[in-house]
Amino acid sequence: ADLRSYVRARFESRYRVIEAADGADAIVRASASIPDLVISDVMMPGTDGHALCTALRANPETDFIPVILLTAQADQEQRIAGLDRGADDYIVKPFDMRELEARVENLIASRRRLRERFSGRAAPLKPVEGTLSPDDKAYLDRLSAAVQAGLTDPDFGVNELAAALYQDRSHLFRKTRALLDETPSDLLRRSRLERAAELLGDRAGTIAEVAYGVGFNSVSHFCHAFRQAYGATPSAYRESGSRARG
């Protein structure tokens, strides 16, 4: 309890801190709030830190949350055990709070950079090598494939995307928000408009053909959405691309 109070006092001025008394409580709270990061002691009554980490990794709604484990056991086998169960970092007690703060900031910044890479207008939906965990990379590979497969279908929406990934809408929403910092509907809309921009730049068909080709039922709706995203009408964007290549 004293260590929890100390850690909370150091972080609550910069972060919204959710505190759990033990591992079982932490599993419930993490599933309900989907935090950006979990800090846990290894030694706890009942569900210890290793079991907590295993439970978080086994649940598709929490499997992407970074976990830092704190332990008084400094031997290599204990550290390896924690990492094998999916911990992202392992800190031996007693520790310098500045080290914990730095590691927390680094993990959150890494996730933020990932979001920026994927949420940028021109960023393609593909994994970033060296940044993603294997599970996150595999998930984004499947997400990208599902989005691309349904891109031309005007009836392909959030429900269809969730079904293609064998998930419910709430799980899909939480994963895309965590990894891409956008909703599934925003992801689909952005992906369609990015594909439209590529087609317009290549002068591949008429404006109407491009609109229908990326899943829009209405040319006027497409033109409005495209102008909002790119600051130019589809025809002006296509002409500016032609001049740039010339």
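Within 6.0 Å of atom CZ in Arg98, 12 or fewer heavy atoms from other residues, nucleotides or ligands are found, so the atom counts as exposed in its surroundings. Arg227 CZ: 12 or fewer foreign heavy atoms inside a 6.0 Å radius.
In this structure, Ile39 and Phe11 have side chains that are in contact, with non-hydrogen atoms separated by less than 4.5 Å. With a 4.5 Å cut-off on side-chain heavy atoms, Leu140 and Leu180 count as touching. In this structure, the side chains of Val210 and Arg195 stay at 4.5 Å or more apart for every pair of heavy atoms. Put simply, the side chain of Asp22 does not reach to within 4.5 Å of the side chain of Thr47, judged on heavy atoms. Side-chain atoms of Leu165 and Lys175, non-hydrogen and from C-beta on, never get closer than 4.5 Å to each other. By the 4.5 Å heavy-atom criterion applied to side chains, Cys223 and Thr233 are not counted as neighbours. Between Lys93 and Thr71, the closest side-chain pair of non-hydrogen atoms is not below 4.5 Å. Put simply, the side chain of His171 does not reach to within 4.5 Å of the side chain of Tyr166, judged on heavy atoms.
In terms of heavy-atom proximity, Ile27 sits nearest to Ala55 at CD1-CB, 3.5 Å. Here the shortest heavy-atom pairing between Arg192 and Leu151 reads NE-O, 3.1 Å. Taking all atoms of both residues into account, the shortest heavy-atom contact from Val158 to Leu172 is O-CD2, 3.9 Å. The two atoms that bring Ser235 and Ile207 nearest to each other are N-CD1, 3.8 Å, heavy atoms only. Nearest heavy-atom pair, Arg103 versus Asp89, reported as atom, atom and distance to 0.1 Å: NH1-OD1, 2.7 Å. Closest heavy-atom contact between Val92 and Phe95: O-CB, 3.5 Å.
Put simply, CD on Glu19 and CZ on Arg4 are 4.5 Å apart, with the number rounded to the nearest 0.5 Å. Within the model, atoms OG of Ser40 and CG of Leu70 stand 7.0 Å from one another, a figure rounded to the nearest 0.5 Å. The CG atom of Leu161 sits 6.0 Å away from atom CG of Leu143, with the distance rounded to the nearest 0.5 Å. Of the inter-residue distances, the one linking Leu187 atom CG with Asp181 atom CG reads 12.0 Å to the nearest 0.5 angstrom. Note that the CE atom of Met44 and the CG atom of Leu52 stand 5.5 Å from one another [nearest 0.5 Å]. The line from CD1 of Ile108 to OH of Tyr15 is 4.5 Å long, rounded to the nearest 0.5 Å.
Checked by atom type and distance alone, the side chain of Thr176 pairs as donor or acceptor with a backbone atom of Glu182 at under 3.5 Å. For Thr54 (side chain) and His50 (main-chain N/O), a donor-acceptor pair under 3.5 Å exists by modelled atom type. Checked by atom type and distance alone, the side chain of Asp48 never pairs as donor or acceptor with a backbone atom of Met43 at under 3.5 Å.
With sequence neighbours left out, Arg16 forms a side-chain contact (heavy atoms from CB on, under 4.5 Å) with Ile18. For Asn159, the side chain to side chain donor-acceptor pair (under 3.5 Å) partners at least two apart in sequence or on another chain are Arg169. Shown here are the side chain to side chain donor-acceptor pair (under 3.5 Å) partners of Tyr212, two or more places apart in sequence or in another chain: there are none. For Glu160, the side-chain contact (heavy atoms from CB on, under 4.5 Å) partners are Phe156, not counting sequence neighbours. Judged as a side-chain contact (heavy atoms from CB on, under 4.5 Å), and not counting sequence neighbours, the contacts of Ala225 are Arg189, Leu193, Phe216. Annotation: side-chain contact (heavy atoms from CB on, under 4.5 Å) contacts of Ala20 (sequence neighbours excluded): Asp25, Ala26, Arg29.
Follow the hydrophobic side-chain contacts under 4.5 Å out from Tyr139 and you never reach Phe173; the two are in separate clusters.
A salt bridge links Asp88 to Arg57: one of the charged nitrogens lies within less than 4.0 Å of a carboxylate oxygen.
Aromatic ring orientation, Tyr230 versus Phe226: parallel (interplanar angle below 30°, classes split at 30° and 60°).
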